[in-house]
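Some notes on the structure that comes next.
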Amino acid sequence: MKCFVCGCRLSEKNYCTGCGTDVTVYKKIIYSSNRCYNDALEKASVRDLSGAVESLRQSLKFNKNNTQARNLLGLVYFEMGEAVSAFSEWVISKNLQSKKNIADDYLSAIQTNPTKLDTINQTIKKYNQALAYCYQGSNDLAIIQLKKVLSINPKLICGYQLLALLYINSEDWDKARRTLYRAIQIDSNNTTTLRYLKEVNTMLRERDEHLQTKRKKNQEDVLSYQSGNDTIIQPMYVKEGPAFSSVINIVIGIVIGVAIAWFLILPARVGIETDKNDEKFKKVSEELTAEKASKLELEEAIDTLRTQNEDQAAQIEELTGDTGVAQAADLLADAADAYIQNPDDAVAVMDLLEQIDEEYLTTASQSFIKLHTLLKEAVQATAATSYYDQGLEALNASDNETAITELTKAWDLDETNGSALYNLAHAYRNSGNQDKADELYKLVIEKFPDTDIAASSKGFISSEAGNSTEGDYEG
C-alpha cells in the first residue's frame, strides 16, 4: 500500500514515514475494499454470482482504482452471460492500469476471436427480439427466440428468467421449474430466480393437493370388501326409485324416436353433410390464409433481425475500431508512457495525442479527459517550439509541404507565435497557393499589429492589393 500524497510505501504506523500525512482513514478504506473483494472471491467460488457482484460493487465504491476487483467483476459478468458489461469493466481496468494488467488478456481473447464476437452479437439481437415479441403479446415466438438465445449462450441468467416468466404466464409450471433450476446451477443465490422458483413451487403444491383430493374422492366412490383371500372392489351406487326409472324409460323412448326420424329423412341428412363439407373447406381456406400471414410476419422479422445485426455490428466496430474506446485508451496509455520515459520528447507525445478522435473526447470519461488534458498541457509549449523549428528548417530547405504541416501544428498549439503564422504564409506563397498566403498575411496584420512581421506582411500581399511580393523569412 502506497501513500496517496507522496507515493511512499506505508508501514504499520498510522502516518506516512515519507511525508507525515495521517493515513488512518485511508488505510481503513483500502482494507474495506480488499475485504469486500475477498468476500466476493468466496461467493464466486460457490457460484453465488449475484452476491459476488454486490460485494465487488461495494469494493469499488471504497476504492474505484482496485483493478483486481474490477477484473473479477468482469469475469463474473461474463460467467452470467453479460458480455457487454464484462467488456466495459475490463476497458476501465485497462485505463486505470495500462501495464501488467490481466484485463489485456481478456480483451485480446475477445477482440481476436471473430466467432466469439459474432456469438455475443447474435445473443444480444435475439434476446432483444424476444423482448419485443413479449411486448407485442407473441409469447410463443418469444419462447422460440429465447430457446435459440440459450442454445447460443447457455449462461445467460436473464434469458432463463424471462423464459421462466413466459412459462409461468402460460401456466406450464413444470417447464418453468426446470428452466429456473438451470439458472440456479449457474447462479445459486440469485434473488430474482429464487423468487420465481418459490411462486412456481407454490402453484405446483396447490396442483398436487388438488389432484390428491380428487384421487381420494374417487377412491371413496368405490366399495371394497374381503371375501376369503380375495379383495372384491365394486363401484358404489344409489338405489333408484320408481320415479327415476320412469324418467329413464321416457328418455330412451325419445332417443329411439329421434334416431328413426334421422335415418328416414335421408335428403335432409345429405344436406347436413354437404354443409359440413363446406364448413371444412372454409376452415382449410382460413388456415391457408393464416399460414400466408405467418410467412409474411416471419419475413418481416427476418428483415428486422438483419437491420439489428447491421446496427449491432456497427456498435461493435465503434467500440473496437480505430476510433473506439480500446483504440483511444491505447493511444492515451502510449502517450503517458512516452512522457514518463522521456518528458523532453514532446513531439512524440503530442503526435500520439493528436491521433485520438476529437469526437470521442466529447463522450469519454472524466478521468480519460483529465489525463488527456494534463498530458497536452505538459507538452504543448515544447511541442509547439519543436514543430516551429522543424517547419522553419524545412522552409529554408524549400520543402514547402513539410513546412506547411509543421508550421500549422506550431500555430495550432501556440497562437501567440506570430513568426509561425508569418512563415506559414511564406510556405503557402512558395508552394503557389497565393490566396491562402494572402489570407494568412492579413491574419498576421490583424493579430500582431505594429510589429515588424506585420509591416513585412503588407509587402507580401498579392498585387491585387497593389503591393509588392518581396520580403524575408522570420527566424
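The figures that follow rest on heavy atoms only: side chains count, while hydrogens, waters and symmetry mates do not. For this chain, numbers begin at 1 and follow the sequence in order.
Using a 30° and 60° split on the angle between ring planes, Tyr106 and Trp90 fall in the tilted class, from 30° to 60°.
Within the structure, side-chain hydrogen bond (donor to acceptor under 3.5 Å, both in side chains) contacts touching residues 134-162 (residues at least two apart or in different chains) are Glu79-Lys155, Gln161-Asn190, Gln161-Thr193.
Every residue two or more places apart in sequence or in another chain was checked for a salt bridge (Lys or Arg N to Asp or Glu O under 4.0 Å) with Glu406, and none qualifies.
Around the CG atom of Asp450, the shell of radius 6.0 Å holds no more than 12 heavy atoms that belong to other residues, nucleotides or ligands. Counting non-hydrogen atoms of neighbouring residues, nucleotides and ligands closer than 6.0 angstrom, the CD atom of Glu401 reaches no more than 12 such neighbours. Within a 6.0 Å sphere centred on CD of Glu415, heavy atoms belonging to other residues, nucleotides or ligands number more than 12.
Residues Ser457 and Val444 come closest through the heavy atom pair OG-CG1, 3.5 Å.
For the side-chain hydrogen bond (donor to acceptor under 3.5 Å, both in side chains) test with Asp438, the passing option among Lys442, Lys436, Gln434 is Gln434; the others fail.
Put simply, the side chain of Ser456 never gets that close to the backbone of Asp452: no donor and acceptor are under 3.5 Å apart. Checked by atom type and distance alone, the side chain of Asn396 pairs as donor or acceptor with a backbone atom of Leu392 at under 3.5 Å. Side chain of Ser59 to backbone of Ser55: no donor-acceptor contact under 3.5 angstrom is found.
Donor-acceptor pairing under 3.5 Å is lacking for the side chains of Asn63 and Asn34.
Ion pairing between a basic and an acidic side chain is recognised when a charged N comes within 4.0 Å of a carboxylate O; Asp39 and Arg35 show no such pairing.
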Identify all side-chain donor-acceptor contacts of residues 199-207 below 3.5 Å with residues at least two apart in sequence or on another chain.
| from | atom 1 | to | atom 2 | distance (Å) |
| --- | --- | --- | --- | --- |
| Asn201 | ND2 | Leu197 | O | 3.3 |
| Thr202 | OG1 | Lys198 | O | 2.8 |
| Arg207 | NH1 | Asp174 | OD2 | 3.4 |

